[in-house]
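Input: a single structure, listed below in structure tokens.
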2 protein chains.
Amino acid sequence: MPYTYLYPRPALTVDCVVFGLDDEDLKVILIQRDLPPFSGQWALPGGFVRLEETLDAAARRELQEETGLEDVFLEQFYAFGNLDRDPRERVVSVAYYGLVNLRNYRVQATTDARDAAWFPVQQLPNLPFDHNQIVAMAHDRLRTKVRYEPIGFELLPKKFTLTQLQTLYEKVLGQRLDKRNFRKKILKMHLLIELDELEQNVPHRAARLYQFDQQKYHHLKQSGFNFEL
Amino acid sequence: MPYTYLYPRPALTVDCVVFGLDDEDLKVILIQRDLPPFSGQWALPGGFVRLEETLDAAARRELQEETGLEDVFLEQFYAFGNLDRDPRERVVSVAYYGLVNLRNYRVQATTDARDAAWFPVQQLPNLPFDHNQIVAMAHDRLRTKVRYEPIGFELLPKKFTLTQLQTLYEKVLGQRLDKRNFRKKILKMHLLIELDELEQNVPHRAARLYQFDQQKYHHLKQSGFNFEL
DNA sequence: TCAAAAGTGTTGATATTACACCCATGC
DNA sequence: GCATGGGTGTAATATCAACACTTTTGA
């Protein structure tokens, strides 16, 4: 019970800003807090770091426990350490952003989780602590990073159409792109594997499916190649 | 004296990787530890975060106390949380990279500081804890960031020549650049103020001095401009 | 007058932008 | 047969890479 130290220590937590994309919007998953402070309010999934787990492990564990999401692309992006960010006491939080493909996860998330829900990034409720600031910074990081690393694919199913890929970029970057130029540019990198499969169950001509070539990307990256869109 | 908590807490520290540039090399400042563990060894400046200070404040304070460096450009880049990074107990460290102009600071650093010294990045001693990894990641971040944000100027005096600017980029990026193309590209951004002053005391034709236009950069950035080199 | 670095333009290759129509499919 | 999105090329412009000589200055 008693954990005693010579000097006072801040508490240490992790928080996760997980983005998902569906047909409408870029969304963020929030949980409804069941403990004070701010119980009942929507907030970012997260919690205290245990002594015997790394920061990454803590982020994954909390995300799984609170939202049911597993095997998510997660990357640490900033440690928040303002003095008054938590009303109880000094708490420093290491923040992660994550990316999931909502077409696969949507159902699971609501089954496994207690009170988790996806909110459009543009219409988030007011969040407790400094969570609004954390989301803003995560969103910013996503916008920046998506342009020079191929992380956007994490928001899509393994097999996707070029139009899906394009609308992903349009939604994350917040601007329209030219179809022909986009296709030229992305195909010229030779990082997409053209599959012998088509979209299913669409009420119009079915589009060809593609897959991102992770291996090839890692090879090229090693030899100095830079993804850039 | 006893600070007691319901659950165990990791200790929280900050560490600083401060880069400086002189005529030879890109360098990093290290301090000689006078307390265990690893006393006597060269290590990154850093130390425990106090309850009543932000992370940024802690980084600045430790850097000042241990090296004498003040008013340094400092930016947080990653939190290190491996379980065994400190032999004593679980310690999570928030790491910062910093940039200073060695022509101004070199003297001060050795007067104010106890046992601080600048080491070429390419020839660092073996460092304790995970400090080698921290330096590697800071270096990587610097290389990446210097290309799309005008932070390189922090490594130069306020007034500098285009050649100094170019060799800065050559040393940080580790590649030679074409003089004419470099000058064209950097001048076309219109972010440099051409001064009516020349270099002094050089044994050859004196070069014109320039100054980075912070204000203009912030304006342009607001309106969507992206620095890129 | 020599050594050392400053300063300066052109050209060919490559990349970027803007733009519109026909095609395949399901209903 | 019609509505819906899939798929494709070209020309004008801007950017990038390669490349060498003259100028200024101090010693």
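So you know, we letter chains A, B, ... as the sequences are listed, proteins then strands, and number each from 1. Atom set for the values below is all heavy atoms of this structure, side chains included, hydrogens, waters and symmetry mates excluded.
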- Task: Would you give the length of the straight line joining atom CG of B:Leu156 to atom CG of B:Asn101, rounded to the nearest 0.5 angstrom?
- Result: 7.0 Å

- Query: Looking at residues at least two apart in the chain, or sitting in another chain, which of them share a salt bridge (Lys or Arg N to Asp or Glu O under 4.0 Å) with A:Lys145?
  - Reply: A:Glu75

- The reported gap from CG in B:Leu21 to CG in B:Leu26 (rounded to nearest 0.5 angstrom) is 6.0 Å

- Item | For A:Glu154, side-chain contact (heavy atoms from CB on, under 4.5 Å) partners two or more places apart | A:Phe73, A:Leu99, A:Gln214

- In whole angstrom, what separates B:Ile186's CD1 from C:dT8's P? 16 Å

- Task: Measure centre to centre between the rings of A:Phe80 and A:Tyr78, then say whether the value is under 6.0 Å.
- Result: yes

- Item | Nearest-Å distance for atom pair CZ/P, residues B:Phe182 and C:dG9 | 18 Å

- Task: Take A:Phe77 and A:Leu142 through the side chain to side chain contact (heavy atoms under 4.5 Å, CB included) test and state the conclusion after the steps.
- Result: CA-CA 10 Å; A:Phe77 73 94; A:Leu142 173 60; over 6 Å; no

- Task: Under the ring-ring contact (aromatic ring centres under 6.0 Å, His included) rule, collect the residues that match up with B:Phe160, sequence neighbours excluded.
- Result: B:Phe153

- Query: Quick one: A:Lys179 NZ to D:dT4 C1', roughly how many Å, whole number?
  - Reply: 11 Å

- Query: Where along residues 195-213 of chain A does a heavy atom come under 4.0 Å from DNA chain C, residue by residue in number order?
  - Reply: A:Val202, A:Pro203, A:His204, A:Arg205

- Query: Base, backbone or nothing for each nucleotide of nucleotides 13-19 of chain C, written B, S, -, heavy atoms under 4.0 angstrom, 5' to 3'?
  - Reply: ---SBBB

- Message: At a heavy-atom distance below 4.0 Å, what parts of residues 220-227 of chain B sit against DNA chain C?
- Response: none

- Message: Let's see if you get this right: which residues in residues 160-172 of chain A place a heavy atom under 4.0 Å from DNA chain C?
- Response: none

- Query: Rounded to the nearest 0.5 Å, how far apart are CD of A:Glu149 and CG of A:Asn226?
  - Reply: 8.5 Å

- Query: Quick one: side-chain contact (heavy atoms from CB on, under 4.5 Å) partners of B:Ile193, sequence neighbours excluded?
  - Reply: B:Leu195, B:Gln211, B:Asp213

For residues 119-135 of chain A, dump all side-chain donor-acceptor pairs below 3.5 Å to protein atoms at least two apart in sequence or in another chain.
from, atom 1, to, atom 2, distance (Å)
A:Asp130, OD1, A:Arg85, NE, 3.2
A:Asp130, OD1, A:Arg85, NH2, 3.0
A:Asp130, OD2, A:Arg85, NE, 2.7
A:His131, ND1, A:Leu44, N, 3.2
A:Asn132, ND2, A:Leu127, O, 3.4

- Contacts of B:Glu199 that satisfy salt bridge (Lys or Arg N to Asp or Glu O under 4.0 Å) - sequence neighbours left out: none

- Item | Counterpart residues, salt bridge (Lys or Arg N to Asp or Glu O under 4.0 Å), relative to B:Arg180 (two or more places apart) | none

- Any residue meeting side chain to side chain donor-acceptor pair (under 3.5 Å) with B:Asp56, in chain and number order, not counting sequence neighbours: B:Tyr96

